[in-house]
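Letters A, B, ... mirror the listed sequences (proteins, then strands); counts begin at 1.
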There are 2 protein chains.
Amino acid sequence: MTDLLDRARARVRAAGGRMTGQRRLILETLTALPAHPTAEEVHARAARRDSALNLSTVYRTLHWLEAEGLVEPRRFRGHGRHDHFDLAGAHGQHHFLCTKCQRVLEFDEPQVEAVARGYARRHAVKVHEASLVLYGLCAECAARRAPVRGGSA
Amino acid sequence: MTDLLDRARARVRAAGGRMTGQRRLILETLTALPAHPTAEEVHARAARRDSALNLSTVYRTLHWLEAEGLVEPRRFRGHGRHDHFDLAGAHGQHHFLCTKCQRVLEFDEPQVEAVARGYARRHAVKVHEASLVLYGLCAECAARRAPVRGGSA
DNA sequence: AACATTATTGCAAGTAATTTGCAAATAGGG
DNA sequence: CCCTATTTGCAAATTACTTGCAATAATGTT
């Protein structure tokens, strides 16, 4: 966790950027928050430590971190139209989205990387990232929607 | 292609919706346009046939078609923050995005569905849709960025 | 074929998320 | 400690999409 933070700080330096208090705070906030927060959520949480922190600074910092490859932006269907941000490598690469309760579950699955490599080879492209998103009903919602056979009769 | 249109029309009927001129036009426009157009693009093209067609009608129709399962919405990183729409089943389920030239290539890959089924079984969830997105450099951009070894010396 | 009913449309105004211009602040090198 | 370019806060702007409402038109009924 903090190891990620250190890597991030080193990279920020290497990129020739200035390590301002705001950037440090935003980076730390990203490690403290649960997965895929929105810019508003990062701002709300970081503002607990620096109430002067501006939302546009959060947006600018997140985009800068993204350009440096330190943050991965994501968008989820059914979650309005805002962006979500994760420290690169801090969470599972793939996601399951419940279309009923909007729950988002992360997972990793090496087979996906194998598919990506196969595609890259066959089409002569370079693949830097693979993101699988599954849409469906989570265990709870599925159970509620399709009760056990003969259950309620 | 027109087979898709017919299925769509039947479904619209079955859903109890009225088959208005605008809906027919939007549906036909979706089959005529290249993959994943934005609402603006659908509107622009459809307006060539009915200049009175309003953009909000396009949005409402696309969302309604989505609710009926006839249209699949997508969002691509690096393509601004608008939604893209495709007639369900009209295009490949998965995508490759070139992070340099923004090109989007579609593909199908049965192995992905296998991964989805495996995940569904292990986690007791129901998966209705799986969407894999690969980010990287297309063949052209990869060739331009990393010339053949010893090429320019 | 005219009519009633109610879904759908066009228009204009509204909203949410994000972006930008600019003057003031400040990190980091000399 | 000072200089300069980078970064910040603030407010206004922009983008992509949504909504309220009166007018219009699709479909069942006669």
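- End-to-end axis angle of the helix from C:dA1-D:dT30 to C:dG30-D:dC1, from C1' rotation axes over five pairs per end: 40° (rounded to 10 degrees).
- Between the C1' atom of D:dG9 and the CD1 atom of A:Ile26 lies a distance of 12 Å, rounded to the nearest Å.
- Not less than 6.0 angstrom separates the ring centroid of B:His79 from the ring centroid of B:His36.
- Here the side chain of A:Thr29 pairs no donor or acceptor atom with the backbone of A:Val42 at under 3.5 angstrom.
- DNA chain D lies under 4.0 Å from at least one heavy atom of each of the following residues of residues 72-82 of chain B: B:Arg81, B:His82.
- The separation between B:Leu25 atom CG and C:dT9 atom P is 11 Å, rounded to whole Å.
- The side-chain heavy atoms of B:Arg81 and A:Arg75, taken from C-beta on, include a pair separated by under 4.5 Å.
- Side-chain N/O atoms of B:His63 include none lying less than 4.0 angstrom from OP1 or OP2 on D:dC17.
- The shortest distance between side-chain heavy atoms of B:Val71 and B:Leu87 falls below 4.5 Å.
- Between the side chain of A:Arg23 and the backbone N or O of A:Arg18, at least one donor-acceptor pair lies under 3.5 Å.
- Within residues 32-54 of chain A, the residues approached by DNA chain D to less than 4.0 Å at the level of any non-hydrogen atom are A:Ala52, A:Leu53, A:Asn54, in residue-number order.
- You'll find the ring centres of A:Phe76 and A:His84 inside the 6.0 Å limit.
- Using modelled atom types, no side-chain atom of B:Thr57 and backbone atom of B:Leu53 make a donor-acceptor pair closer than 3.5 Å.
- For A:Arg49, the salt bridge (charged side-chain N to carboxylate O under 4.0 Å, His left out) criterion is met by A:Glu28, not counting sequence neighbours.
- The phosphate of C:dT18 (OP1 or OP2) has a side-chain N or O of A:Tyr59 nearer than 4.0 angstrom.
- To the nearest angstrom, C1' of D:dT7 lies 6 Å from CZ of A:Arg23.
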- [ ] Could you run through nucleotides 20-30 of chain D and give me one letter per nucleotide, 5' to 3': B if any protein heavy atom sits under 4.0 Å from the base, S if only the sugar-phosphate is that close, - if neither?
- [x] B----BBS---

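- Shown here are the side-chain contact (heavy atoms from CB on, under 4.5 Å) partners of A:Ala35, two or more places apart in sequence or in another chain: A:Asp86, A:His91, A:Glu106.
- Counting to the nearest Å, the C1' atom of D:dA12 and the CG atom of A:Leu55 are 14 Å from each other.
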- [ ] Evaluate ring-ring contact (aromatic ring centres under 6.0 Å, His included) for A:His95 paired with A:Phe107, printing each intermediate quantity in order.
- [x] CA-CA 6 Å; A:His95 297 84; A:Phe107 65 96; 7.6 Å; no

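- Between B:Trp64 atom CH2 and D:dT18 atom P there is a gap of 17 Å when expressed in whole angstrom units.
- Applying the 6.0 Å contact sphere to CD of B:Glu40 captures no more than 12 heavy atoms from other residues, nucleotides or ligands.
- For the pair A:Arg74 and A:Phe85, the NZ or CZ position fails the cation-pi test of under 6.0 Å to the six-membered ring centre and within 45 degrees of the ring normal.
- In terms of hydrophobic clustering, with Ile, Leu, Val, Met, Phe, Trp and Tyr side chains grouped at heavy-atom distances under 4.5 Å, B:Tyr119 and A:Leu97 are assigned to different clusters.
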